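Notes follow the structure.
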Protein chains: 2
Amino acid sequence: MRDRVREARADATREMVIEAAWDLSRREGLTGWSLRQLADEVGLKAPTLYAYFDSKHAIFDAMFCQAWRALGELSATWPVDTDRPRASLRAGARSWFAFSTAELVRFQLMNQRIINGFEPSPEAYAASVASYEHYTAQFAAVGITDQAHLDLWTAMCSGLASQQLANDPGGERWERLVDDAAELFCNHVGLPPDPPLMEQG
Amino acid sequence: MRDRVREARADATREMVIEAAWDLSRREGLTGWSLRQLADEVGLKAPTLYAYFDSKHAIFDAMFCQAWRALGELSATWPVDTDRPRASLRAGARSWFAFSTAELVRFQLMNQRIINGFEPSPEAYAASVASYEHYTAQFAAVGITDQAHLDLWTAMCSGLASQQLANDPGGERWERLVDDAAELFCNHVGLPPDPPLMEQG
DNA sequence: GTCTATACTGTGATAGAC
DNA sequence: GTCTATCACAGTATAGAC
């Protein structure tokens, strides 16, 4: 009972620390802040952070886990309309692209090995795997199961997002190409055209 | 005269330091080594490095510059056969992919913002721009000038390379998709099929 | 001119008092 | 759980030998 309360308080503190870490990362870069700075942000001393996290890497691990869980939850909202596979893929691509380009540091943490020596924990890795499985399941629903096709798709999407973030942050130079890329891909895998939408009136 | 000799010696030392920095980066990661370690590698003391480079960032800058110059030189060797634009693009893509995936740390330094606070100097930036212009010129030679098309191509290629490096280092899971990607792209921009090759005999 | 020696500030991390 | 004190190491900079 007491333990539950204590644990909940500790969880809340952990949450607060992670939120502050995201904030600092946005301002100073993912590797541009120290534990002393982070502690200052939440009104603690640096060693106290070790009561909540084993190391600085453990904080990154929690952030990594949170980011992949967020993507997993987002991808659960993508409705797959098997009658309109092309529209479904296009919508999924747009949604993924918007998520990925919304936060540079999140993209870096999820997709690039920007923190030297950081390896996600098994738990954090599982979150990323779960997200990927969500994605494969939705492709399977429209008949795309070939690993090479999935790999080509991940490459195209990640390339568009990383170029957008690196060369036109905040713009839409590569965002505009998402639909083209989706169509290219659909043609490549031999998806039939979606049936025409029946407009009412 | 004396100055020339001295300058040449200094250049040779700089070269040696940069080579050692690449070596350390391969072993420990781009951000995984200190100036003291680097100095040890070349038989100097850390402060001595400041006789050759203004700062650690200046060393990264020299590496960045070297890497982009190497790509620029490589792309100068890509022959563009205007009679066979598809084969030319395919060959260029393969060559670029091989270069990019050959060294993880080089790719990170060139294409990802892995070193916090590092901005390439105007000279180093110019090297990357020169490389890019080489690339646009070769596309122009086969009639591809639309910025959106060039952007789509850079996104596809960089996506393939980064996925290869991140998820199958040393393998060929994404390398196998390079030809497919090139063909997709050629279809998209409306390149005609290459004429059949006349085999002799 | 190039080096060694040294010092300054800040880092992640640990030990132990309370 | 939170703190003070401390550690080894980092990047950086200067003084001074030769």
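Computed from a predicted structure; not experimentally measured. Keep in mind that the numbers below use all heavy atoms, side chains included, and drop hydrogens, waters and symmetry copies.
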Checklist entry - Which part of the nucleic acid does B:Ala46 contact within heavy-atom distance under 4.0 Å: base, sugar-phosphate only, or nothing? => result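 Since no nucleic acid heavy atom lies under 4.0 Å of B:Ala46, the category is nothing.
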Checklist entry - Across the strands shown, which category fits B:Tyr52 at heavy-atom distances under 4.0 angstrom: base, sugar-phosphate, nothing? => result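 The residue B:Tyr52 makes sugar-phosphate contact but no base contact.
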Give a yes or no on whether a salt bridge exists between [X] and [Y], defined as a side-chain N under 4.0 angstrom from a carboxylate O.
{"X": "B:Arg113", "Y": "B:Glu119", "value": "yes"}
{"X": "A:Arg69", "Y": "A:Glu123", "value": "yes"}
{"X": "B:Asp40", "Y": "B:Arg36", "value": "no"}

Checklist entry - Which of the following nucleotides, C:dT4, C:dT11, C:dT14, is nearest to the side chain of B:Pro47? => result C:dT4
[X] [atom1] to [N] [atom2], straight-line distance once rounded to whole Å:
{"X": "B:Asp40", "N": "C:dT4", "atom1": "CG", "atom2": "P", "value": "11 Å"}
{"X": "A:Leu49", "N": "C:dT11", "atom1": "CG", "atom2": "P", "value": "13 Å"}
{"X": "A:Ile59", "N": "C:dG12", "atom1": "CD1", "atom2": "P", "value": "9 Å"}
{"X": "A:Lys56", "N": "C:dA13", "atom1": "NZ", "atom2": "P", "value": "8 Å"}

Checklist entry - Has B:Thr48 got a side-chain N or O lying under 4.0 Å from the OP1 or OP2 atom of C:dT4? => result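 Answer yes for this pair, as a side-chain N or O of B:Thr48 is under 4.0 Å from OP1 or OP2.
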Checklist entry - Under 30°, 30 to 60°, or over 60°: which ring-plane class applies to B:His57 and B:Phe60, parallel, tilted or perpendicular? => result perpendicular
Next on the checklist: For a 4.0 angstrom threshold against heavy atoms of chain A, report the outermost contacting nucleotides of DNA chain D in 5' to 3' order.
Outcome noted: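 Listing 5' to 3', DNA chain D meets chain A from D:dG1 to D:dA5.
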Checklist entry - For residues 91-102 of chain B, which residue pairs qualify under side-chain hydrogen bond (donor to acceptor under 3.5 Å, both in side chains), counting only residues two or more places apart or in two chains? => result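 Those involving residues 91-102 of chain B are B:Trp78-B:Ser95, B:Arg94-B:Asp179.
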Checklist entry - Can a cation-pi geometry be assigned to A:Arg106 and A:Phe99, taking NZ or CZ under 6.0 Å from the six-membered ring centre and within 45° of the ring axis? => result yes
Item to check | Given DNA chain D, 5'-ward residue of the pair A:Leu44 and B:Arg36, judged by closest heavy atom | outcome: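 Comparing both residues, the 5'-ward one is A:Leu44.
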